[in-house]
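Encoded as structure tokens, the structure appears first; notes follow it.
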Amino acid sequence: MSGGNIFIISAPSGSGKSTLTNEVRRVVPNLEFSISYTTRPPRGSEQSGREYFFVSREEFERMLAEDEFLEYAEVFGHYYGTAKRFLREATARGHDLLLDIDVQGAAQVKQKVPAAVSVFILPPSREELERRLRRRAEADDDLQRKLLGDGARPFNTEDIIQRRLQTATREIENFSRYDYILVNDRLEQSIDVLKSIVEAERLKRSATAVTAKDEAMLAIAHGALRTQMLDQVQAILATFDLSRLPIVTE
Ligand code: ADP
Ligand code: 5GP
């Protein structure tokens with residue numbers, strides 16, 4: 001049976017990863033999404049069992065002690081982890097698994113499963129990332145007010161936005177550990193690139209012959225390989241003041 005491939009997606013918070021992965025899950029068959037466990041509180045309209053399983057620190061630590069995680073990390077002061085059972089269950093169904101995890105988690109999975117395919121999503125620039133973080137913060141606060149009335153304490157403070165921008169800069173420094181780089185500029189185009197990466201990797205790992213109809217998809221995926229994206233990445237790094245970062249070309 002085919003399946004059992006792991007696709008890791010990492011991105012600085014606010015670059016559009018959830019939007020993008022939700023779309024790709026809708027259009028790519030046999031691709032399951034691992035719902036992570038987290039100790040952070042739900043945001044906006046998030047529901048336990050849909051975006052995350054929201055659990056207490058005690059529950060998370062119990063799962064850790066029982067070795068239930070494929071990987072875990074502490075991000076923004078909260079635990080986040082991928083339960084091993086998601087990979088077990090997807091593999092048993094002959095499906096692939098998509099992991100939306102941070103750079104620390106991605107490194108752990110790559111170490112345990114070297115064949116995992118990793119994709120790093122970049123925003124077009126620091127300015128655009130800040131705009132998206134603010135837009136999302138406003139939308140979440142509006143919803144919070146609707147639910148709790150005008151006395152609701154805004155969930156997204158300026159502090160959180162600034163902290164996420166600083167963390168973004170640190171995370172982006174790790175882009176060269178990833179196989180593919182996807183610049184999330186126009187959403188439709190980004191969906192097409194992510195879908196092509198999944199299909200190209202599946203084709204590579206199957207015994208199926210390449211047909212003329214695969215050529216366009218393979219070309220799109222090839223164009224997103226990190227080694228093909230270095231000039232574009234340099235331009236984006238410059239907006240984060242990271243232009244002097246050593247670039248790995250291999
Ligand atoms: P992440 O999951 O990376 O934290 P989200 O998917 O929540 O980010 O997106 C952050 C904000 O940016 C949301 O308001 C979303 O609608 C918006 N967004 C996502 N992708 C794009 C895009 N390609 N162009 C413009 N806005 C986008
Ligand atoms: P958010 O709180 O914005 O949903 O996610 C914050 C960060 O945690 C993101 O970078 C996201 O990819 C990461 N994350 C979510 N789930 C997991 C997980 O299970 N493991 C790890 N290592 N990171 C995760």
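The figures here come from the full heavy-atom set of this structure, side chains too, leaving out hydrogens, waters and symmetry mates. Whatever order the structure lists them in is the order used to number ligands and atoms, beginning at 1.
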Exercise for the section: Decide yes or no on side-chain contact (heavy atoms from CB on, under 4.5 Å) for Leu99 and Phe7, but give the supporting numbers first. Expected result: CA-CA 6 Å; Leu99 307 182; Phe7 293 92; over 6 Å; no
Answer yes or no: is there an ion pair linking [X] with [Y], defined by an N-O contact shorter than 4.0 Å?
X: Glu130; Y: Arg126; value: yes
X: Glu46; Y: Arg40; value: yes
X: Glu199; Y: Arg205; value: no

Side chain or backbone of [X] under 4.0 Å from ligand 2, or both, or neither, by non-hydrogen atoms?
X: Lys17; result: side chain
X: Arg40; result: side chain
X: Arg43; result: side chain
X: Arg164; result: side chain
X: Tyr37; result: neither

Measure the distance from [atom] to every protein heavy atom, then report the residue, atom name and distance (to 0.1 Å) of the closest one.
atom: atom 2 (O) of ligand 1; value: Ser18 OG, 2.4 Å
atom: atom 7 (C) of ligand 2; value: Val75 CG1, 3.8 Å
atom: atom 1 (P) of ligand 2; value: Tyr52 OH, 3.5 Å
atom: atom 10 (C) of ligand 1; value: Gly14 O, 3.5 Å
atom: atom 16 (N) of ligand 2; value: Ser36 OG, 3.1 Å

What atoms in ligand 1 come closer than 4.0 Å to a heavy atom of [X]?
X: Asp185; value: 22 (C), 23 (N), 24 (N)
X: Ser13; value: 4 (O)
X: Thr19; value: 5 (P), 6 (O), 9 (O), 15 (C), 19 (C)
X: Leu187; value: 23 (N)
X: Arg135; value: 26 (N)

[X] N/O under 3.5 Å from ligand 2 N/O:
X: Tyr80; value: yes
X: Gly81; value: yes
X: Asp102; value: yes
X: Glu46; value: no

Distance under 4.0 Å to a non-hydrogen atom of [X]: what atoms of ligand 2 satisfy this?
X: Gly105; result: 22 (N)
X: Ser13; result: 3 (O)
X: Ala73; result: 22 (N)
X: Glu71; result: 18 (C), 19 (O), 20 (N), 21 (C), 22 (N)

Exercise for the section: Compute the ring centroids of Tyr80 and Tyr52, then answer whether they are less than 6.0 Å apart. Expected result: yes
Exercise for the section: Report yes if the distance between the aromatic ring centroids of Tyr37 and Tyr79 is under 6.0 Å, otherwise no. Expected result: no
Exercise for the section: Begin with the C-alpha distance, continue with both residues' side-chain angles, and end with the deciding distance and a verdict on side chain to side chain donor-acceptor pair (under 3.5 Å) for Glu158 and Gln162. Expected result: CA-CA 6 Å; Glu158 185 62 27; Gln162 289 309 325; 2.9 Å; yes
Using a cut-off of 6.0 Å, state whether more than 12 heavy atoms not belonging to [X] lie near its atom [atom1].
X: Arg50; atom1: CZ; answer: yes
X: Glu66; atom1: CD; answer: yes
X: Gln232; atom1: CD; answer: no
X: Lys84; atom1: NZ; answer: yes

Practice task
Return yes when Ser15 approaches ligand 1 closer than 4.0 angstrom through a heavy atom, no otherwise.
Solution key: yes
Handout entry: Heteroatom proximity flag, Gly16 to ligand 1, N/O under 3.5 Å
Key = yes
Handout entry: Min N/O separation Glu128 to ligand 1 under 3.5 Å
Key = no
Exercise for the section: Give a yes/no verdict on whether any heavy atom in Phe69 is under 4.0 Å from an atom of ligand 2. Expected result: no
Handout entry: Residues Val198, Arg202; criterion side-chain contact (heavy atoms from CB on, under 4.5 Å); working and verdict
Key = CA-CA 6 Å; Val198 172; Arg202 281 179 172 174; 3.9 Å; yes
Exercise for the section: Please work out which of Arg132, Arg131, Glu51, Glu23 has its closest non-hydrogen atom nearest to atom 24 (N) of ligand 1. Expected result: Arg132
Handout entry: Distance, nearest 0.5 Å, that separates CG of Leu98 from CD1 of Ile9
Key = 5.0 Å
Problem - Pairwise side-chain contact, Tyr72 with Thr82, heavy-atom cut-off 4.5 Å (strictly under) - result: no
Practice task
Test the Arg226-Tyr178 pair against the cation-pi criterion, namely NZ or CZ under 6.0 angstrom from the six-membered ring centroid and within 45° of the ring axis.
Solution key: no
Handout entry: Leu133, portion touching ligand 1 at heavy-atom distance under 4.0 Å
Key = neither
Handout entry: ligand 1 versus Lys17: contacting region, heavy-atom distance under 4.0 Å
Key = both
